[in-house]
Amino acid sequence: MEDKIIEVNFGPQHPSTHGVLRIKVKLDGEIIVEAQPIIGYLHRNAEKLAEMGAYPKGMVYIDRLDYVAALNMELGHVLSIENLMDVQVPERALWIRILMVELNRIASHLIWLGTHGLDMGMLTPFFYCFRERERILRIFDEITGSRLLYNYFAIGGVYSDVTPKSIEMIKEWTEDFVDKLEEIQAILGKSYIYVSRTRGVGKLSPEDVLSYGVTGPMQRASGIKRDLRKDSPYLFYEKINFEIPTRTEGDVYARFLVRVEEMRQSARIVKQVLEKLPQGDFYNKKYSKPMLVRLKATGESYVPTESPKGEFGIYLIGDGSSIPYRVRIRSPSFANLSSIPTMLKGYKIADLTAAVSSADPVFGEVDR
Amino acid sequence: MSDNILVTTLDEALKWGTGKSLWPFTFGLACCAIEMMSAMGSDYDWARFGSDVFRDSPRHSDLMIVSGTVTKKMAPRIRRLYDQMAFPKFVISMGACASAGGPYVRGYSVVDGVDQVVPVDVYVFGCPPRPEALIQALKMLQDRIVAGKVKH
Ligand code: SF4
């Protein structure tokens, strides 16, 4: 049988790679014997470039790591810098951060849901998801002034306040988002084809999850209840009621259910933040914008945060100058992607796209 | 004389037809690809401009939208995909990265501009360009094709 094994290349250009992933697959007939992901097609030296400018200037590159959830990336960076420099942040700014981050989590999961549908051969969820996502982007456009990459979180607060008009927009959005989500979930979850193609496919056991360092929805779909928003609360997450959805199956279908439920929980958080949003400053007046680039720091800092893909954090070393000595990115997609060989082994070649897209890799973050 | 007139007219008709039936290639590289997807999506719906059939194979398509950072590892693949496309073929360079290296121009692994690898017809600026900008680029490309001003 040895000589019957053939090698197939998947990517780097393929509609289901979610970017530029290449997988070398060894096949015995239809069965995958070995799968080896090859990365680096989008290596843009984000870490090195962030070490070349002042602390706030690194934000440009951090933004572009996970470009579908840029605000979550910024949060990891800004919290790490503030921890390093002992910056006080006004309460309103912290609440605004929660609001924006949760909205962006939903936008990111919506993109995943749409493209996952495409990978499974369904076009409709893509258009439904993008319709909903555009509504969130319009809110971001109103608040931050851009649609995809924001550079919105500043050291000591945020760059612009949430206006009454944008609050109206968010309220309007919260009213019917959950119903719309129900509709989108039904398209996939009630489709016999979708369910039979995803149930029992790409399984990861809790032991695999822990040994690969897989985090985020993938980890929770394998039965490990870990969410940094609950386990080591940052911002004001301890004051908010929400649940962590978990499943025990560890397959693609479980990941789908976990992500959809997470969107519901995030919508719940957004509602609560709107009720609790206090009045006051949206940035610390001590840190005016022109002086941000001159801030100096010494020491080390790492603040883990829960991004839509998993644990995200930036490890900073300051050497007393205004330029960071080291910026190390802990990117969740990279660790999640490393589980692909285990996830695919023994399955059919037709399950490959389902399993790969369920990992939700974003290559800005994998290759950095 | 009459032959000439007939040939030019056919030519015109062909150009008009090519411009109005561009089949783009599903080829996302980085952040700009998300905005390209938005342009395809429900709100911007660029199928309105006669360019709706996104194809997954280079051999089916005649418009390549380079949407994202071109790295040194990816550049030979882009050239290869471009070579696999059948004539007539056009390239839109979307975003600062594909046009000139963008924010990553100082990086050691980034090609500053996809025009070093493939010929580009229309450049779109922005980081990322809004979907409206991409749609404008498409319209511009169509106008150039109809006017016969494209590179090939
Ligand atoms: S131009 Fe900007 S948005 Fe586009 S790929 Fe480059 S960094 Fe990303």
Side-chain angles (χ1 to χ4, degrees), chain A residues 11-20 22 38-50 52-53 57 60-61 63-70 107-108 110-111 114-115 118 123-124 126-135 137-138 141 146-149 151 362-365 367-368, chain B residues 25-45 47 52 54-58 61 64 66-78 80-82 84-85 95-97 101-111 126-133:
Chain A
Q13 186 277 321
H14 187 280
S16 305
T17 54
H18 291 228
V20 282
R22 177 174 157 215
I38 297 171
I39 58 169
Y41 291 96
L42 194 58
H43 175 56
R44 310 190 276 191
N45 11 92
E47 287 182 1
K48 267 291 138 311
L49 289 171
M52 280 162 80
K57 287 190 179 174
V60 178
Y61 305 105
D63 240 347
R64 283 150 182 76
L65 288 177
D66 180 355
Y67 33 78
V68 295
S108 162
L110 278 174
I111 283 220
T115 49
L118 276 186
L123 205 56
T124 322
F126 175 81
F127 291 107
Y128 280 38
C129 288
F130 267 71
R131 185 190 64 201
E132 292 312 306
R133 180 173 172 270
E134 287 295 337
R135 292 174 68 195
L137 292 197
R138 275 199 286 275
D141 205 354
S146 48
R147 280 168 50 88
L148 192 68
L149 306 167
N151 200 357
V362 170
F363 282 85
E365 192 190 23
D367 295 340
R368 285 171 258 169
Chain B
F25 177 29
T26 328
F27 182 47
L29 283 175
C31 351
C32 282
I34 307 293
E35 285 300 68
M36 181 175 83
M37 274 154 62
S38 296
M40 287 160 60
S42 12
D43 271 36
Y44 291 94
D45 184 23
D52 59 337
F54 265 85
R55 305 312 301 204
D56 301 335
S57 161
S61 41
M64 181 191 237
V66 184
S67 53
T69 320
V70 182
T71 58
K72 288 189 178 147
K73 192 170 179 178
M74 196 62 198
R77 275 83 181 173
I78 293 179
R80 189 152 165 203
L81 289 167
Y82 177 79
Q84 287 176 353
M85 284 163 67
C97 278
Y104 297 97
V105 69
R106 289 184 299 170
Y108 54 81
S109 65
V110 174
V111 178
C127 180
R130 296 176 70 97
E132 292 96 328

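Chain letters run A, B, ... following the sequence lines, proteins first and then strands; every chain starts at 1. Since we're looking at a predicted model, the values are computed, not measured. Just so it is clear, the values below take in all heavy atoms, side chains as well, and ignore hydrogens, waters and symmetry mates.
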**Prompt:** Under the 3.5 angstrom rule, does the side chain of A/Tyr61 hit a backbone N or O of B/Pro103 as a donor-acceptor pair?
**Reply:** yes

**Message:** So which atom in A/Arg44 and which in B/Tyr104 form the shortest heavy-atom distance, rounded to 0.1 Å?
**Reply:** O-CD2, 3.1 Å

**Request:** Indicate yes or no: at least one non-hydrogen side-chain atom of B/Ser38 is less than 4.5 angstrom from one of A/Arg147.
**Result:** yes

**Asked** So, does B/Ser42 use its side chain to make a donor-acceptor pair with the main chain of A/Phe130 at under 3.5 Å?
**Response** no

**Request:** Indicate yes or no: at least one non-hydrogen side-chain atom of B/Arg77 is less than 4.5 angstrom from one of A/Arg22.
**Result:** yes

**Asked** For B/Met74 and A/Val20, which heavy atoms make the closest approach, and how far apart are they?
**Response** CE-CG1, 3.8 Å

**Request:** Find out whether A/Arg133 and B/Ile34 are in side-chain contact, i.e. whether some heavy atom of one side chain is under 4.5 Å from a heavy atom of the other.
**Result:** yes

**Asked** Under the salt bridge (charged side-chain N to carboxylate O under 4.0 Å, His left out) criterion, do B/Arg130 and A/Asp141 qualify, and how do the steps go?
**Response** CA-CA 11 Å; B/Arg130 296 176 70 97; A/Asp141 205 354; 2.9 Å; yes

**Message:** At a 4.5 Å cut-off on heavy atoms, which part of B/Leu29 comes close to chain A: side chain, backbone, both, or neither?
**Reply:** both

**Asked** For the residue pair B/Met37 and A/Phe126, what are the closest heavy atoms and their distance?
**Response** O-CZ, 4.0 Å

**Request:** Find out whether B/Tyr108 and A/His43 are in side-chain contact, i.e. whether some heavy atom of one side chain is under 4.5 Å from a heavy atom of the other.
**Result:** yes

**Request:** Sort B/Ala30 into side chain, backbone, both or neither according to what part of it lies under 4.5 angstrom from a heavy atom of chain A.
**Result:** both

**Heavy-atom proximity to chain A below 4.5 Å, by part of B/Arg106** = both

**Request:** Could you grab the distance from atom CG of B/Asp43 to atom CG of A/Leu137, nearest 0.5 Å is fine?
**Result:** 9.0 Å

**Request:** Identify the two heavy atoms, one from A/Leu149 and one from B/Cys127, that lie closest to each other, and give their separation to 0.1 Å.
**Result:** CD1-O, 4.2 Å

**Proximal component of A/Arg138, with respect to chain B [non-hydrogen, under 4.5 Å]** = side chain

**Request:** Name the member of B/Val110, B/Val70, B/Thr69 that forms the most heavy-atom pairs with chain A at distances under 4.5 Å.
**Result:** B/Thr69

**Message:** Is A/Leu65 close to chain B through its backbone or its side chain, or both, or neither, when contacts mean heavy atoms under 4.5 Å?
**Reply:** neither

**Request:** Below 4.5 Å from any heavy atom of chain B, which atoms of A/Thr115 appear? Answer side chain, backbone, both or neither.
**Result:** side chain

**Request:** Identify the two heavy atoms, one from B/Ser109 and one from A/Asn45, that lie closest to each other, and give their separation to 0.1 Å.
**Result:** OG-ND2, 2.8 Å

**Prompt:** For A/Glu134 and B/Tyr44, which heavy atoms make the closest approach, and how far apart are they?
**Reply:** OE1-CE1, 3.7 Å

